[in-house]
Every structure is written in C-alpha cells, then in structure tokens.
Amino acid sequence: MSAPAPSTAPPVQGAPGTSNDIWWHVVFGSLLLAALVGFGFWAIGELPATAPLGILTVTVLFGMFMAFNIGGNDVANSFGTSVGAGTLTMKQALLVAAVFEVGGAVIAGGEVTETVRSGIVDLEAMHLEPMDFAFIMMAALLGAAVWLLIATQRGWPVSTTHSIVGGIVGGSLALGFTTGQGGWNVVQWGEIGQIVISWFLSPLLGGILAYLLFGAIKRGILRYNEEADQQLRDIKRQRIEHRDRHKAAFERLDELQQIAYTNAMARDAVVVSSEDGFDRDELESDYYRELYEIQDRRDEVDAHRALEVWVPLLAAFGAVVITSMLLFKGLSNMGLDFTPVSSVLLMLMIGAAVWLAVFIIAKTLKRTALSRSTFLLFSWMQVFTACAFAFSHGSNDIANAVGPFAAVFDVLRTETINAEAAVPAPLMLASGIALVCGLWFVGRKVIATVGTGLTTMHPASGFAAELSAAAVVMTASVLGLPVSSTHILIGAVLGVGLVNRAANWNLMKPIAMAWVITVPAAAVIGAVGVLVLRAVLG
C-alpha cells in the first residue's frame with residue numbers, strides 16, 4: 001500500500017516557528033521536562049522496592065510521549081477551526097487548551113480506566129503472564145505515539161483511539177504468535193469491522209449535519225447580512241449624492257436666495273435637534289426633507305434583524321448541545337447523579353440564559369458595523385464550543401494515553417492483570433501538561449490542515465463545524481454508533497466547504513488514506529515494539 005501524499009495545507013499565522021518564540025519554546029520545554037521528571041519520581045515512590053525500575057522508566061517515557069502526540073494531533077484538530085477562522089491565535093488556543101484540557105483531565109478524568117480499550121483483544125484467551133501484558137501495553141503506547149507523530153508531521157488528523165487499538169492488536173498478535181499463546185483468533189474482528197464502518201459513518205454524519213446547519217446559517221443570517229450590507233452601502237451612496245446635488249444647487253442660487261436657504265437650513269437644524277422630537281411638516285428645506293426620506297429607507301432595512309433573532313436561538317441550541325456533551329461525557333466521571341428530568345431542566349436553563357445573553361449582546365452591537373457584529377457574535381460562540389470541546393476531550397480521550405500506562409503501573413504494583421486500573425491524579429496532570437506541550441511544539445501542521453487547508457474558515461462556519469461535530473458525537477454515544485470524533489470533525493469541515501463550494505478534496509485524499517492505514521501502521525510498530533521490549537527488558 002503506497003503512503004499518502006504529503007499535506008499541502010498552508011501555514012497558520014502566529015504558529016510556533018513563524019516568529020521568534022524562543023521563550024515560549026523554553027517555557028514549554030521546561031514544563032514538559034519538569035512534568036516528566038516529577039511524575040517519574042512520584043511513580044517510583046508509589047511502587048514496591050522490588051518493582052523493575054527499567055520497565056517503569058520506559059513506561060513513563062512512552063506514556064508522556066503518547067500524551068505529547070495526542071496534543072499535537074487530537075487537540076490541534078479540535079482547535080484547528082478556531083485558529084483557522086481567526087477567532088483565536090495559536091497562543092490563545094494554547095492557553096485555552098492548557099486550562100480546559102488539563103482541567104478536564106484532572107477534574108473529570110475518572111478514577112479508573114479500562115486496561116484494554118474497546119475490548120479489541122481477548123487477552124484472557126492467551127493466558128498471559130502479568131509482565132507480558134505490561135509489554136503489550138507498553139508496545140501499544142509506542143506504536144500509537146510513533147504513528148501519531150508521523151501523521152502529525154504530515155498534517156494528517158487521525159484517530160488516537162484507532163491508533164491505540166492498532167498498537168494493542170499488533171503487540172498482542174506478535175506476542176501470541178512468538179510464544180504460541182494465541183493467533184488471529186484473539187482479535188475481536190467485529191470491533192475492527194466497527195472501525196472500518198467509522199471511516200465512512202463518522203465523516204458522513206458530521207458532513208451532513210454541518211452542511212445542513214451551515215447552509216441554514218448562510219441562508220438565514222450571512223446572506224441576509226450581505227444583502228442588508230449592500231442596501232446600506234446604496235443608502236450611503238444616496239446620501240453622498242444627495243449632499244453633492246444640494247451643494248451644486250446651492251451654488252447656482254443668487255446671494256439673496258442663498259441667504260434665505262441658509263436661514264431655512266438653520267431653522268431646520270434647530271427643529272431636528274429638539275429633545276421633544278419634531279414633525280416632518282415643520283421642515284422648510286428640501287435638503288432635510290429628502291435626508292430624512294433616505295433615513296427612513298435605512299431604518300426599513302433593519303440590518304441587525306437576523307443577528308438579533310436567529311443568532312440568539314442558534315446560541316441557545318448550541319448551549320444545549322454542549323451542556324449535554326459535558327453532562328454525559330465530560331462530567332460523567334465525577335459521580336454527579338443527575339436524573340433525566342434534572343439534566344433536561346439544566347440544559348434548558350443554560351440554553352435560556354445563553355439566549356438572553358446573546359440577545360443582549362446583539363442589541364448592544366446595533367451601532368457596530370454589520371460585518372463586525374457578525375464576526376464578534378460567532379467568534380464568541382465558537383470560543384465557547386472550543387472550551388467545552390477541550391474540557392470534554394481532556395476528561396475522556398486522554399484515557400488513550402493514561403489507560404495503557406495505568407495498566408502497566410497496576411501490573412508493577414499488584415503483579416496481577418486487572419480489567420480496570422486506578423488513574424492517579426498526578427498521572428492525569430502530567431499527561432495534561434504533555435498534551436498541551438505537544439499542541440505547541442508539533443500541532444501547527446494539523447491546525448493548518450483543519451483550519452485553512454480543507455476549506456476557508458469564518459467564525460460562523462467554524463462554529464457550525466464544531467457544533468455539528470459535538471451533536472453527532474453526543475447522538476452517536478447515546479445510540480452506540482461506532483464513530484470517531486476526529487473523523488466527525490473533518491467531515492463537518494468538509495460539509496462547510498461543500499456549502500461554500502470550496503472543499504479541498506485533493507488534501508482529503510491523503511487524510512482518508514491515513515485513516516485506513518492508522519490501525520495497521522500502529523499495529524506494525526506495536527508488534528516490533530513488543531518483541532524488542534520483551535527481548536531487552538524481559
């Protein structure tokens with residue numbers, strides 16, 4: 001199978017490497033090193049004296065390396081639309097990610113995690129020794145992390161879940177064949193089939209919803225605003241023509257006529273400035289009468305009507321979707337016991353509060369230029385969705401990094417294989433720091449792909465893509481559909497591009513190929529890794 005062609009996505013403005021960011025490099029490099037060393041010493045102190053420090057050291061390195069590359073690919077993918085639309089700069093996205101990703105990981109990351117993600121391999125059938133199980137998890141971390149780094153350097157947004165699944169499959173098969181403990185039968189091929197289904201289902205669902213949502217936004221808001229803007233420009237031109245016409249007519253009058261007309265204009269100026277209001281019949285000059293006729297036409301345009309009516313409703317809908325995602329995915333690990341009725345009421349209350357807040361903001365922007373008002377409102381909503389995505393991602397998907405590590409740590413601590421492993425808070429914190437550092441150091445190419453490469457982004461289209469992806473992720477979770485959040489968001493970005501007739505299918509081809517080879521590529525690296533680890537450390 002030939003490798004996909006390299007990405008042709010344009011660079012992101014303000015990304016690291018495009019300016020003198022030496023101090024940012026130093027700070028995040030130091031932060032990553034401190035997290036690595038600090039967590040390493042903590043882990044050593046938590047294990048019995050008989051635990052093999054070599055295996056622990058390698059596992060810490062692989063786990064932090066995995067979290068680093070999740071930041072470079074998955075988090076960069078999540079913030080790509082915000083950076084590409086100009087809503088956030090790269091550094092602002094980094095700071096938002098630092099707060100919400102790490103916060104989500106530490107606050108709502110969960111106290112336990114599955115040791116084998118998605119039940120992809122039946123390890124019980126292999127009758128593994130605890131250390132062989134640890135080697136499989138270590139190899140899975142290595143295989144997934146190396147493939148993510150390769151994909152990230154090429155600008156390909158790929159699924160971290162599929163990567164870790166590939167690493168587990170490769171490590172398990174390699175160990176099973178070499179020890180005679182198992183073969184192809186240990187792989188749950190039905191799960192692999194669901195991954196294949198997700199290649200098509202995820203981008204299709206994301207694309208359809210984003211196409212419908214952004215199409216409605218474009219017809220109901222953006223196109224209305226364009227037409228209103230054009231009418232306002234025409235009225236402004238009419239005012240200029242009106243002024244020039246009366247100026248020329250005034251210059252053709254004789255001196256007495258000019259004095260009389262000037263006096264009439266002065267009296268009209270006093271009338272219109274009256275605090276008690278005035279009647280148009282009181283106006284004496286044609287200049288003021290025609291000027292207010294033009295003003296009437298301007299008032300009839302009602303340029304901000306779409307922003308005041310539809311944007312608050314759209315924001316309320318988005319708030320309900322994001323709140324549901326936080327309740328059922330982001331905060332589900334915190335032990336908050338919401339009944340279905342209380343959950344619905346909470347979502348409705350937040351939706352109503354957001355509707356009122358956005359309506360008030362839209363009213364205050366009435367004297368601001370229409371294009372600027374549109375940009376500001378959708379920018380605010382897009383940042384809101386980006387923050388919620390970051391929190392949800394930190395609380396859920398970081399398990400791809402900590403799950404295998406927690407499994408190895410649990411084996412070293414208990415010398416047994418358990419279905420679930422404890423996730424200590426220092427592990428979540430260290431992984432969150434590595435994740436943010438990965439976004440800074442290697443995430444810019446994936447951000448460029450998602451934010452500018454696949455289609456041109458505006459805050460409105462970026463908001464539509466993010467909200468559509470959130471809605472599909474939530475719906476798929478409730479229905480149990482096999483989907484990938486990464487693939488969903490890419491499909492949503494393409495759906496936006498289809499509305500604008502500006503989707504970059506040439507760039508999508510290598511990305512789709514990368515999705516197909518993610519599992520086998522990570523599996524090959526994981527297979528080699530488990531053999532090397534077993535030979536060196538076993």
Side-chain angles (χ1 to χ4, degrees), residues 12 73-88 92-93 96-97 100-101 104 157 202-203 205-218 221-222 311 314-326 329-330 350-351 354 358 374-397 439 443 446-477 483-500 503:
V12 174
N73 198 288
D74 227 15
V75 178
N77 174 45
S78 299
F79 281 94
T81 56
S82 298
V83 176
T87 303
L88 297 173
Q92 288 171 335
V96 171
F100 287 92
E101 291 277 354
S202 299
L205 292 176
I208 290 174
L209 186 55
Y211 180 86
L212 295 175
L213 179 60
F214 184 61
I217 291 174
K218 188 168 185 178
I221 300 174
L222 301 183
V311 171
L314 190 63
F317 170 69
V320 170
V321 172
I322 294 299
T323 303
S324 65
M325 185 175 70
L326 292 179
K329 289 181 69 68
I350 292 176
V354 169
V358 175
T374 305
F375 185 90
L376 289 174
L377 284 172
F378 278 105
S379 294
W380 181 86
M381 294 192 296
Q382 190 181 17
V383 169
F384 177 78
T385 54
C387 293
F389 254 119
F391 184 88
S392 179
H393 182 270
S395 61
N396 284 278
D397 291 354
L439 172 63
V446 174
I447 285 180
T449 296
V450 178
T452 58
L454 290 171
T455 191
T456 302
M457 278 290 164
H458 177 275
S461 56
F463 168 76
E466 289 180 1
L467 182 58
S468 299
V472 173
V473 168
M474 266 308 305
T475 304
S477 297
V483 295
S484 163
S485 58
T486 295
H487 299 179
I488 289 170
L489 184 58
I490 296 302
V493 171
L494 288 174
V496 166
L498 286 174
V499 174
N500 292 329

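A quick note: this is a predicted structure, and the numbers were derived from the prediction, not measured.
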Inter-residue atom distance Thr449.OG1 - Leu454.CG, 0.5 Å rounding: 6.5 Å
Side chains of Met457 and Val493 in contact at under 4.5 Å (non-hydrogen atoms): yes
Residue pair Met325 / Ala470: nearest heavy atoms and the distance that separates them: SD-CB, 4.0 Å
Closest non-hydrogen atom pair, Ala386 against Glu466: N-OE1, 3.5 Å
Side-chain donor-acceptor contact under 3.5 Å, Ser82 with Gln92: no
Nearest heavy-atom neighbours spanning Leu439 and Ala93: CD2-O, 4.3 Å
From Phe463 atom CZ to Ser468 atom OG, the distance as rounded to the nearest 0.5 Å: 8.5 Å
What pairs of donor and acceptor atoms, side-chain ones from residues 376-384 against any protein atom, are under 3.5 angstrom apart with sequence neighbours left out?
| unit_1 | atom_1 | unit_2 | atom_2 | d |
| --- | --- | --- | --- | --- |
| Ser379 | OG | Phe375 | O | 2.6 |
| Gln382 | OE1 | Thr87 | OG1 | 2.5 |
| Gln382 | NE2 | Thr81 | O | 3.2 |

Distance-only criterion, 3.5 Å: show the donor-acceptor pairs between side-chain atoms of residues 484-492 and protein atoms not counting sequence neighbours.
| unit_1 | atom_1 | unit_2 | atom_2 | d |
| --- | --- | --- | --- | --- |
| Ser484 | OG | Thr486 | N | 3.4 |
| Ser484 | OG | His487 | N | 3.4 |
| Thr486 | OG1 | Asp74 | OD1 | 2.8 |

Val321 and its side-chain contact (heavy atoms from CB on, under 4.5 Å) partner, picked from Val472, Leu467, Thr385: Leu467
Separation between CD1 of Ile217 and OG of Ser461, rounded to the nearest 0.5 Å: 9.0 Å
Pairwise distance CG(Leu314) to CD1(Ile221) - rounded to 0.5 angstrom: 5.5 Å
Closest heavy-atom pair and its distance - Pro157, Val450: CG-CG2, 4.2 Å
Residue pair Ala464 / Leu213: nearest heavy atoms and the distance that separates them: O-CD2, 3.8 Å
Minimal non-hydrogen separation, Gly351 against Val320, with atom names: CA-CG2, 4.1 Å
